[in-house]
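To start, the structure itself, in structure tokens.
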Amino acid sequence: MVKGFVVSVLAGMLGGLLTFGAAQAAELNVVATNSSMGALARTVGAGRVQVTMLASPDRDLHMLQAKPTMIRALRDADLVVAVGAELEVGWLPVAIGSAANPRILPGQPGYFEAAAQVDLLEGGSPADRTLGDVHPVGNPHVNMDPVRMAIVASAMSERMAQLDPAGGETYRANARSFAAAVEQRMDAWQARLAGAPGVVLYHRDALYLLDRFGVQLLGTIEEIPGVPPTAQQIKTLSEKLRDRSGVIVYAPYASAQAPERLAKSLGWEARRLSLDPPMGADGSGYLDHIDLWVQTLAPAR
């Protein structure tokens with residue numbers, strides 16, 4: 001069963017990175033790679049953790065580079081919370097290696113990947129970079145499925161309890177509360193998305209949300225993941241969808257040119273929508289962000 005929770009947030013700036021949590025009472029220094037992972041860590045660890053984020057919601061985790069601010073944050077971390085499934089492979093291993101913090105090396109209790117806690121979609125892709133931005137172990141964007149995130153929250157609570165045994169019951173109770181909040185919204189989300197016409201995504205990054213609620217993926221702007229589309233590809237996609245209805249959604253870091261051209265051709269709406277909640281979000285803010293996606297994909301009433 002999936003279960004919920006709302007926590008308060010204290011925010012401050014440190015070394016160019018945003019740090020959230022009860023800093024004075026913190027037992028664990030947690031570094032999250034993005035705001036979805038940060039929201040989950042902040043909720044599971046409420047009252048006992050300080051959370052620092054390495055990337056804001058308007059950044060593409062595929063394309064970041066290791067920076068001194070990241071390395072400084074990782075140097076003092078007790079726990080790193082990553083999305084995983086190679087999403088951060090281009091920069092996180094470099095940043096962790098440069099931080100010289102043995103507690104957070106992969107394989108140690110201080111390193112945690114969300115994708116390793118759940119079943120992945122699209123596993124077994126060929127490891128061929130000529131096919132674009134592929135992930136052979138599976139689609140990494142598990143943060144777009146609230147049910148999987150509830151499972152991740154439970155696993156995260158156990159990891160935090162391992163590092164901070166005195167807070168074990170607090171972490172587990174917080175994870176159960178988050179799962180309850182997910183379950184409470186599921187029926188409404190399912191009802192709202194009944195009869196959804198479908199969506200064109202820029203990248204296959206919201207696939208977990210579509211799969212969870214049975215929303216059809218009508219196509220992708222990127223024919224090859226990570227490779228900008230050509231004018232001919234957009235024309236072909238437009239012709240394919242000519243007699244359909246739907247919505248086009250693209251991330252803040254994606255170019256608006258192709259989505260807006262396709263939207264104009266089809267008479268559809270194109271929406272720029274982040275994959276992750278705002279930087280200051282907690283578990284409730286994460287669920288509100290899923291609400292926003294549901295509203296975007298839902299059929300007109």
Side-chain angles (χ1 to χ4, degrees), residues 9-117 133 135 137 140-143 152-153 155-167 171 253 275-277 279-282:
V9 179
L10 301 176
M13 293 294 292
L14 175 63
L17 298 173
L18 283 181
T19 302
F20 302 89
Q24 292 182 336
E27 299 295 336
L28 292 178
N29 184 0
V30 179
V31 174
T33 58
N34 72 350
S35 60
S36 289
M37 295 299 102
L40 207 60
R42 192 174 304 114
T43 294
V44 173
R48 298 188 68 89
V49 304
Q50 174 178 291
V51 181
T52 302
M53 250 93 66
L54 299 182
S56 58
D58 61 349
R59 301 301 305 276
D60 184 355
L61 290 192
H62 294 94
M63 306 300 293
L64 296 186
Q65 295 182 341
K67 296 181 178 180
T69 50
M70 295 178 178
I71 296 167
R72 285 197 295 271
L74 291 166
R75 189 167 293 141
D76 297 324
D78 298 306
L79 176 64
V80 171
V81 178
V83 178
E86 301 185 353
L87 181 60
E88 302 101 337
V89 70
W91 56 276
L92 186 59
V94 173
I96 288 176
S98 300
N101 179 353
R103 297 188 303 273
I104 61 170
L105 292 174
Q108 296 301 310
Y111 182 81
F112 179 91
E113 286 191 355
Q117 318 306 320
D133 183 17
H135 297 276
V137 299
H141 301 284
V142 297
N143 54 292
V152 172
M156 187 184 295
S157 74
E158 296 300 328
R159 185 64 59 87
M160 288 181 176
Q162 181 181 354
L163 297 171
D164 172 27
Y171 300 136
Y253 44 77
L275 296 174
D276 299 293
M279 286 290 278
D282 56 9

Within residues 61-70 or reaching into it, pairs that qualify as salt bridge (Lys or Arg N to Asp or Glu O under 4.0 Å) - sequence neighbours excluded: none

Side chains of Val30 and Gln50: does their closest heavy-atom pair fall under 4.5 Å? no

Would a 4.5 Å heavy-atom cut-off, applied to side chains only, mark Arg103 and Leu163 as touching?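 No - every pair of side-chain heavy atoms lies 4.5 Å or more apart.
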
Drop me the distance from [X]'s [atom1] to [Y]'s [atom2], to the nearest 0.5 angstrom.
X	Y	atom1	atom2	result
Asn101	Ile71	CG	CD1	12.5 Å
Leu54	Arg59	CG	CZ	11.5 Å
Tyr253	Met63	OH	CE	10.5 Å
Gln117	Phe112	CD	CZ	4.0 Å

Residues which pass side-chain hydrogen bond (donor to acceptor under 3.5 Å, both in side chains) with [X], listed by chain and number, not counting sequence neighbours:
X	value
Thr33	Glu88
Gln108	none
Asn34	Asp276

With sequence neighbours excluded, tell me which residues meet side-chain contact (heavy atoms from CB on, under 4.5 Å) with [X].
X	result
Val94	Ala66, Ser98
Gln162	Pro109, Arg159
Ala166	Arg48, Asp164
Glu113	Ala82, Tyr111, Ala116

Indicate yes or no for a side-chain donor-acceptor contact from Ser35 to the backbone of Pro277 under 3.5 Å, with no hydrogens or angles considered.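 Flag set: sc Ser35 to bb Pro277 pair under 3.5 Å.
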
Could you list the donor-acceptor pairs under 3.5 angstrom formed by side chains in residues 73-81, with sequence neighbours left out?
| unit_1 | atom_1 | unit_2 | atom_2 | d |
| --- | --- | --- | --- | --- |
| Asp78 | OD2 | Asn29 | N | 2.8 |

Work out which heavy atom in [X] is nearest to a heavy atom in [Y]; give both atom names and the distance.
X	Y	result
Leu87	Pro140	CB-CB, 3.8 Å
Leu61	Ala55	CD2-CB, 3.6 Å
Pro102	Ala100	CD-O, 3.6 Å

